[in-house]
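As structure tokens, the structure follows; a few thoughts come after it.
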Amino acid sequence: MQQQNDFFECVYEVVRQIPFGKVTTYGSIAKYLGASKSARTVGYAMNAAHAKPDVPAHRVVNRIGLLTGKHHFAGINTMQQLLEAEGHVILNDQIQQFDAVFWNPNA
DNA sequence: CGGCTGACGTAAC
DNA sequence: TGTTACGCCAGCC
């Protein structure tokens with residue numbers, strides 16, 4: 001959806017659509033936006049997403065399900081706790097059965 | 001104004 | 001099969 005002209009807003013729009021109990025990756029979002037090589041920028045957008053309560057940034061991880069951005073949350077374990085509260089299993093900062101809970105924006 | 005950095009991912013060697 | 005390099009966009013020094 002290109003309703004928003006801003007790359008950031010576009011990212012937020014996708015993240016907002018992540019259903020409860022599901023997660024996605026930066027790369028998938030970037031790819032969905034047509035900027036498959038800009039996964040990095042997506043992550044950067046997440047940084048600003050902190051100001052957007054509607055944007056569940058904790059549901060966005062890297063392609064291997066690793067909570068790479070946990071340090072950017074209020075607390076080191078905030079991201080993990082949020083995910084666990086949604087029924088996810090986090091082990092060593094990594095989502096277990098990641099492929100099972102992965103949500104593809106393109107689908 | 002230029003260059004470095006960063007929640008990533010993919011390709012190439 | 002493991003490591004290195006690069007692209008992309010925006011913010012900050």
Side-chain angles (χ1 to χ4, degrees):
Chain A
M1 66 214 45
Q2 286 72 17
Q3 299 180 49
Q4 314 299 338
N5 292 324
D6 296 326
F7 191 89
F8 280 32
E9 293 300 324
C10 218
V11 173
Y12 304 146
E13 193 66 28
V14 178
V15 177
R16 250 177 251 159
Q17 293 174 45
I18 302 174
F20 182 89
K22 295 281 182 173
V23 294
T24 190
T25 67
Y26 304 98
S28 295
I29 295 170
K31 195 171 192 179
Y32 178 78
L33 298 178
S36 42
K37 296 176 186 129
S38 307
R40 216 171 184 180
T41 312
V42 175
Y44 194 83
M46 289 293 100
N47 200 3
H50 191 279
K52 308 268 183 179
D54 295 337
V55 180
H58 61 277
R59 292 181 187 161
V60 184
V61 294
N62 65 351
R63 79 168 200 83
I64 64 174
L66 194 64
L67 308 186
T68 50
K70 59 182 289 184
H71 283 113
H72 289 260
F73 280 78
I76 305 278
N77 295 327
T78 303
M79 189 175 188
Q80 179 175 339
Q81 288 175 5
L82 287 170
L83 289 170
E84 288 178 339
E86 297 190 0
H88 298 300
V89 180
I90 313 300
L91 181 63
N92 197 12
D93 297 338
Q94 187 174 358
I95 299 177
Q96 303 303 300
Q97 297 179 339
F98 177 66
D99 55 333
V101 296
F102 173 72
W103 177 76
N104 189 334
N106 293 292

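A, B, ... follow the sequence lines: proteins, then strands. Residue 1 opens every chain.
One can place OH of A:Tyr44 at 11 Å from P of B:dG6, the figure rounded to the nearest angstrom. One atom, OH of A:Tyr12, and another, C1' of C:dA10, lie 11 Å apart when rounded to the nearest Å.
Using bins of under 30°, 30° to 60° and over 60° for the plane-to-plane angle, the ring pair A:Tyr12/A:Phe8 lands in the perpendicular bin.
Nucleic acid contact for A:Ala57: base, since at least one base atom lies under 4.0 Å from a heavy atom of the residue.
Only the P atoms considered, B:dC1 is 23 Å distant from C:dC8, to the nearest whole Å. Remark: the separation of the P atoms in B:dC8 and C:dT1 is 25 Å, to the nearest Å.
Note on A:Val23 and A:Val55: separate hydrophobic clusters, where clusters join Ile, Leu, Val, Met, Phe, Trp and Tyr whose side-chain heavy atoms are under 4.5 Å apart, directly or indirectly.
Of the possible polar contacts, one joining the A:Asn104 side chain to the A:Asn106 backbone as a donor-acceptor pair under 3.5 Å is found. Of the possible polar contacts, none joining the A:Ser38 side chain to the A:Ala30 backbone as a donor-acceptor pair under 3.5 Å is found.
The shortest distance between side-chain heavy atoms of A:Val61 and A:Thr68 does not fall below 4.5 Å.
When A:His88, A:Gln81, A:Lys70, A:Glu86 are each tested for a side-chain hydrogen bond (donor to acceptor under 3.5 Å, both in side chains) with A:His58, only one passes: A:Glu86.
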Point to revise | Footprint string (nucleotides 8-13 of chain B, 5' to 3'): B base within contact, S backbone only, - free, heavy atoms under 4.0 Å | key: BSS---
